[in-house]
Enquirer: 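I have a structure here, written as structure tokens, and I will follow up with some questions on it.
As a basis for the values below, the full set of heavy atoms in this structure was taken, side chains included, without hydrogen atoms, waters or symmetry mates. Every value quoted in this text rests on a predicted model; they were computed, and no experiment measured them.
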Number of protein chains: 2
Amino acid sequence: MALSHAILVCLTERPMSGYDLAKFFDTSIAFFWKATHPQIYRELKKLEEQGCVTSNEEVQSGKPNRKVYSITDAGRDALKAWSREPVALPLIKDDLLVRLQAIEHVDKDALRAQVRARLAAHREQLEQYHHIRDMRFSGGAAVPEDLGKLMGLELGIQYEQGWIAWCESVLERLERA
Amino acid sequence: MALSHAILVCLTERPMSGYDLAKFFDTSIAFFWKATHPQIYRELKKLEEQGCVTSNEEVQSGKPNRKVYSITDAGRDALKAWSREPVALPLIKDDLLVRLQAIEHVDKDALRAQVRARLAAHREQLEQYHHIRDMRFSGGAAVPEDLGKLMGLELGIQYEQGWIAWCESVLERLERA
DNA sequence: GGCAACATGTAACTTGTTACATGATTCC
DNA sequence: GGAATCATGTAACAAGTTACATGTTGCC
């Protein structure tokens with residue numbers, strides 16, 4: 001469904017192998033979409049059958065060969081058609097919030113440790129986003145092609161800041177109780 | 001995996017039928033976890049086999065019978081054991097952010113309309129959360145059992161406010177371009 | 001008469017996860 | 001010698017979605 005479109009979006013940037021895509025999903029666009037490598041290889045096969053991407057094998061000495069995929073005109077058309085469809089609200093699945101809901105039925109020490117771990121993860125993520133912003137968008141201005149990426153990054157930064165503040169306030173209250 | 005635990009959490013509140021649970025997932029805890037009714041019925045069957053819930057049929061005149069599920073002691077134990085496991089970072093899948101990433105390859109009018117629709121959805125959600133907060137937690141104080149629910153609600157409110165601000169700033173920039 | 005809500009479920013399908021499988025090179 | 005990185009994939013399973021199926025009551 002949308003994974004195929006996310007892959008096409010990545011390939012508008014530059015041609016990539018399945019391996020590259022897996023890493024790209026793990027780093028660059030991990031905030032909006034996640035995918036594991038079996039999923040990516042499976043989807044690339046389908047996209048190739050549909051003619052949305054083409055592959056060509058790059059022979060490498062020593063290392064195994066790379067199969068590099070590029071988006072086709074049909075792929076670009078599919079992307080544009082998809083962009084006109086209505087968007088779904090992002091789905092959230094959060095273990096930690098579910099546990100909070102049943103606060104009287106969970107292990108409170110474990111919960112505190114989990115909130116602390118979450119706080120640390122959000123702080124780290126925020127730092128990474130700041131780093132990317134400083135590297136790619138220093139000054140705040142972006143060329144038109146990159147405006148969307150900058151806005152995505154701004155959302156990420158705001159999102160992490162929100163979580164950090166929330167975790168801190170939750171920890172305070174949990175430690176008092 | 002975690003859906004079964006989310007169901008158990010709901011059942012700590014009160015016994016419920018599959019239908020009730022589906023509505024509960026749709027309203028109360030929709031922010032943390034979503035589930036459709038076929039999924040819920042399927043999971044309830046498994047949970048009953050494992051002894052984590054028991055069901056008893058409530059005969060109703062006119063309407064079809066309700067099969068009401070209650071959590072068992074084994075279910076409560078399973079919940080506590082699960083609460084000690086490490087939590088995963090919440091996964092996000094957001095179509096809109098993916099489109100923004102490829103801003104030069106999407107239909108810009110459609111994108112603007114989608115951001116406006118998203119903004120409206122977040123505003124509506126925020127209003128609902130405010131309403132719940134005013135109804136259930138007026139004054140801000142919560143009894144210990146409800147503290148987790150209040151904190152979850154606070155996160156929801158903050159989350160929606162963040163999205164609203166972001167959508168507004170994005171719209172402004174998209175309309176300028 | 002038609003639609004919505006109540007109430008339960010199945011079937012078919014698509015997505016997503018985890019583990020397995022292979023094999024070379026480079027770094028410690 | 002062992003672990004990590006590069007690079008591709010398959011198989012089995014779990015989770016999630018969509019459409020189908022049935023039948024009543026109450027409201028407009």
Enquirer: Would you say B:Tyr41 reaches C:dG9's phosphate, i.e. side-chain N/O to OP1/OP2 under 4.0 Å?
Expert: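 So the side-chain polar atoms of B:Tyr41 never come under 4.0 Å of the phosphate oxygens OP1 or OP2 of C:dG9.
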Enquirer: Can you establish whether the number of heavy atoms outside A:Lys45 located under 6.0 Å from its atom NZ is more than 12?
Expert: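 No, because the 6.0 Å sphere around NZ of A:Lys45 holds 12 heavy atoms or fewer from other groups.
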Enquirer: Measure CG/A:Asp95 against P/D:dA15 and give the value in whole Å, please.
Expert: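 Distance check: A:Asp95 CG to D:dA15 P gives 12 Å.
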Enquirer: Atom CH2 of A:Trp33 to atom C1' of C:dT15: distance rounded to whole Å?
Expert: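 It works out to 10 Å between those atoms.
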Enquirer: What integer distance in Å separates A:Leu44:CG from D:dG9:P?
Expert: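 So the CG-P distance, A:Leu44 to D:dG9, works out to 9 Å.
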Enquirer: Rounded to whole Å, please give me the gap between CZ in A:Arg42 and C1' in C:dA19.
Expert: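 Nearest whole value for this atom pair: 14 Å.
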Enquirer: Report the nucleotide, chosen from D:dG16, D:dT17, C:dT15, that has the shortest atom-to-atom distance to any side-chain atom of B:Leu3.
Expert: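 Among the listed nucleotides, the one closest to the side chain of B:Leu3 is D:dG16.
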Enquirer: Are there over 12 heavy-atom neighbours, none belonging to B:Glu127, within less than 6.0 Å of that residue's CD?
Expert: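 No, CD of B:Glu127 has 12 or fewer neighbouring heavy atoms, counting only those of other groups under 6.0 Å.
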Enquirer: From the options D:dG9, D:dA7, C:dT15, select the nucleotide whose nearest atom is closest to the side chain of A:Tyr69.
Expert: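 So the nucleotide nearest the side chain must be D:dG9.
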Enquirer: Mind calculating the distance between NZ (B:Lys46) and C1' (D:dA14) to the nearest angstrom?
Expert: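 The answer, rounded to whole Å, is 7 Å.
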Enquirer: Nearest-nucleotide wise, let me know which of B:Leu91 and B:Lys23 is further upstream toward the 5' end of DNA chain C.
Expert: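 Closer to the 5' end of DNA chain C: B:Lys23.
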Enquirer: Whole angstrom is fine here: how far is it from CG in A:Leu21 over to P in D:dC6?
Expert: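 Those two atoms, CG and P, are 15 Å apart.
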Enquirer: Assign each of B:His37 and A:Ala35 to its nearest nucleotide of DNA chain C by heavy atoms, then name whichever residue's nucleotide is nearer the 5' end.
Expert: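 First, find each residue's nearest nucleotide; the 5'-ward one identifies B:His37.
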Enquirer: Below the 4.0 Å mark, does D:dA15 have OP1 or OP2 next to a side-chain nitrogen or oxygen of B:Gln39?
Expert: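 No.
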Enquirer: Any side-chain N or O of B:Thr36 under 4.0 Å from OP1/OP2 of D:dT18?
Expert: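 The answer is no; no side-chain N or O of B:Thr36 sits under 4.0 Å from OP1 or OP2.
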Enquirer: Of the nucleotides D:dT8, C:dA19, C:dA11, which one has an atom closest to the side chain of A:Pro38?
Expert: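 My answer, after comparing the listed nucleotides, is C:dA19.
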Enquirer: Using a cut-off of 6.0 Å, state whether more than 12 heavy atoms not belonging to B:Glu168 lie near its atom CD.
Expert: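 Buried by this count: over 12 neighbours within 6.0 Å.
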Enquirer: For D:dC6, does either OP1 or OP2 sit under 4.0 Å from a side-chain N or O belonging to A:Tyr19?
Expert: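 Answer yes for this pair, as a side-chain N or O of A:Tyr19 is under 4.0 Å from OP1 or OP2.
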Enquirer: Phosphate oxygens OP1/OP2 of D:dG16: is one of them under 4.0 Å from a side-chain N or O of A:Lys93?
Expert: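 True: A:Lys93 side-chain N/O within range (under 4.0 Å) of D:dG16 OP1/OP2.
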Enquirer: Send over the distance from A:Ile7 CD1 to C:dT15 P, rounded to a whole Å.
Expert: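 Whole-Å distance recorded here is 11 Å.
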Enquirer: Can you check whether A:Lys45 has a side-chain N or O nearer than 4.0 Å to OP1 or OP2 of D:dT8?
Expert: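 Negative; the distance criterion is not met.
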Enquirer: Is there side-chain contact between B:Phe32 and A:Lys93, with heavy atoms separated by less than 4.5 Å?
Expert: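 Of all side-chain heavy-atom pairs linking A:Lys93 with B:Phe32, none is under 4.5 Å.
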Enquirer: Would you kindly give the CE-to-P distance between A:Met16 and D:dA7, to the nearest whole Å?
Expert: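 Spelled out: CE on A:Met16 to P on D:dA7 is 14 Å.
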Enquirer: Determine the contact category for A:Lys67: base if any of its heavy atoms lies under 4.0 Å from a base atom, sugar-phosphate if only primed atoms, P, OP1 or OP2 are that close, otherwise nothing.
Expert: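 Answer is sugar-phosphate: A:Lys67 comes under 4.0 Å of backbone atoms only.
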Enquirer: A side-chain contact here means heavy atoms from C-beta on lying under 4.5 Å apart; do B:Arg173 and A:Met151 qualify?
Expert: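 Yes, their side chains come closer than 4.5 Å.
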